[in-house]
Novice: 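Quick one: this structure, given as structure tokens, is what I'll be asking you about.
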Amino acid sequence: DDTTLEGLAAKDIYDPDLLRANPPVKVIAQKENLPGPIIPVNLQLQGTQQLVVVWYDDPNRNDLLLWPHRAVAYQPRWPDHQIALRRETSLVDGLDPFNRLAGPTAVATSGNLALVAAEDALTIVNLSDPTQAVKEAVLLDNFNGFNRLAAPTAVAMDGNLVFMTAEDALSIIDISEPGNPVLVTEIVDDATPDFDRLSAPTSVAVREGLAFVAAENALTIIDVSDAANPTLVSKIPDGAGPFVAGEPPFDRLSSPTSVAVGGNLVYVTAEDALSIIAVDDPANPVLRSVIDDGDAGFGHLNGPASVPVRG
């Protein structure tokens with residue numbers, strides 16, 4: 001399929017003034033008009049071999065090579081200046097004032113704050129000066145009204161609210177004053193008929209007033225726009241039929257390990273697979289696709305542990 005190149009002229013890609021110079025010089029001025037990304041050809045370089053780069057048509061649409069302009073060769077070399085990486089600080093359990101960081105399981109950041117879930121506790125750290133970390137507060141399980149912080153598994157932030165999964169529950173905490181956090185509510189598994197899929201939660205993601213909790217072979221979607229009064233939007237147990245007629249069933253949510261949200265799509269890792277779920281209507285989620293370990297091009301999804309999403 002070479003239609004990508006139809007009507008494509010040199011002036012559409014290169015700087016026209018330099019192209020008409022004597023001798024002509026090809027300087028790319030409009031990268032957006034090129035039909036595909038730059039693809040390195042010979043990555044396994046040996047000795048004095050050069051790295052050859054060509055323009056490639058979008059492999060998502062077809063696998064045919066296109067050659068809109070000449071290949072370019074580069075001679076790899078070490079940079080002529082040093083790139084310095086600097087460690088700002090380390091927080092070590094047992095070194096004053098940090099004494100609840102043993103066995104950390106999750107961390108979330110917002111602005112200058114870092115929240116570390118570990119050892120039946122949540123530690124709030126101020127990193128306004130990264131070289132001088134300051135402990136704002138430590139929330140301990142079974143202390144000051146916090147009764148569901150044992151064995152924490154995940155923590156997420158949305159504005160001044162912290163969402164933490166632990167001990168068959170989701171705790172919502174207000175840190176408007178980081179040094180004086182306040183428990184807003186706890187959503188406990190089986191406390192009400194609506195919330196009966198929160199046992200052994202592994203992950204939580206929050207976006208635009210919705211919390212997505214992966215637990216007990218299911219994904220639970222919760223409206224937390226009124227954090228003190230969360231309500232169930234929908235729950236998707238593994239093997240559940242579609243919410244919308246004609247859509248596929250949800251058959252890859254057994255033992256979920258991670259959940260992330262990007263736009264109106266939710267990504268869940270579980271059962272050697274990645275499920276992508278559309279939540280344009282959160283009450284009626286739709287399975288868009290499942291990428292199984294072993295699918296063409298995806299040979300390393302066995303035992304997925306995490307799924308970061310950007311955008």
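Computed from heavy atoms alone, side chains included, the values below leave out hydrogens, waters and symmetry copies.
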Novice: Could you state whether Leu265 and Ile222 fall into the same hydrophobic cluster, counting links through intermediate Ile, Leu, Val, Met, Phe, Trp or Tyr residues with side-chain heavy atoms under 4.5 angstrom apart?
Specialist: no
Novice: Please tabulate, for side-chain N and O atoms in residues 94-118, each donor-acceptor pair with protein atoms closer than 3.5 Å (sequence neighbours left out).
Specialist:
residue, atom, partner, partner atom, Å
Thr105, OG1, Ala117, O, 3.3
Thr105, OG1, Pro152, O, 2.8

Novice: Take Ile173 and Phe146 through the side-chain contact (heavy atoms from CB on, under 4.5 Å) test and state the conclusion after the steps.
Specialist: CA-CA 9 Å; Ile173 304 164; Phe146 295 93; 3.9 Å; yes
Novice: Run the side-chain hydrogen bond (donor to acceptor under 3.5 Å, both in side chains) test against Asp292 and tell me which residues pass, sequence neighbours left out.
Specialist: Arg252
Novice: Can you find a side-chain donor-acceptor pair between Thr257 and Thr202 that sits under 3.5 Å?
Specialist: no
Novice: What closest approach, in Å, do Ser171 and Leu149 show between heavy atoms, and which atom pair accounts for it?
Specialist: OG-CD2, 4.1 Å
Novice: Please report the closest heavy-atom contact between Pro256 and Ala270, naming both atoms and the distance.
Specialist: CA-CB, 3.4 Å
Novice: Would you give me the side-chain donor-acceptor pairs under 3.5 Å for residues 154-165, sequence neighbours excluded?
Specialist:
residue, atom, partner, partner atom, Å
Thr165, OG1, Thr153, OG1, 2.7
Thr165, OG1, Ala154, N, 3.2

Novice: Check for me, please, whether Ile187 and Val206 land in the same ILVMFWY cluster - side-chain distances under 4.5 Å, paths through other members count.
Specialist: yes
Novice: Which pair of heavy atoms, one from Ala305 and one from Ser258, lies closest together, and at what distance?
Specialist: O-CB, 3.6 Å
Novice: Let me check something: do Ile172 and Phe212 share a hydrophobic cluster, defined by ILVMFWY side-chain heavy atoms less than 4.5 Å apart, either directly or through other members?
Specialist: no
Novice: So does Leu198 get a backbone contact from the side chain of Asp189, meaning a donor-acceptor N/O pair under 3.5 Å?
Specialist: yes
Novice: Can you find a heavy atom in the side chain of Val266 that is under 4.5 Å from one in the side chain of Pro285?
Specialist: no
Novice: Taking Ala200's backbone N and O only, do any of them form a donor-acceptor pair with Glu216's side chain (distance below 3.5 Å, no angle check)?
Specialist: no
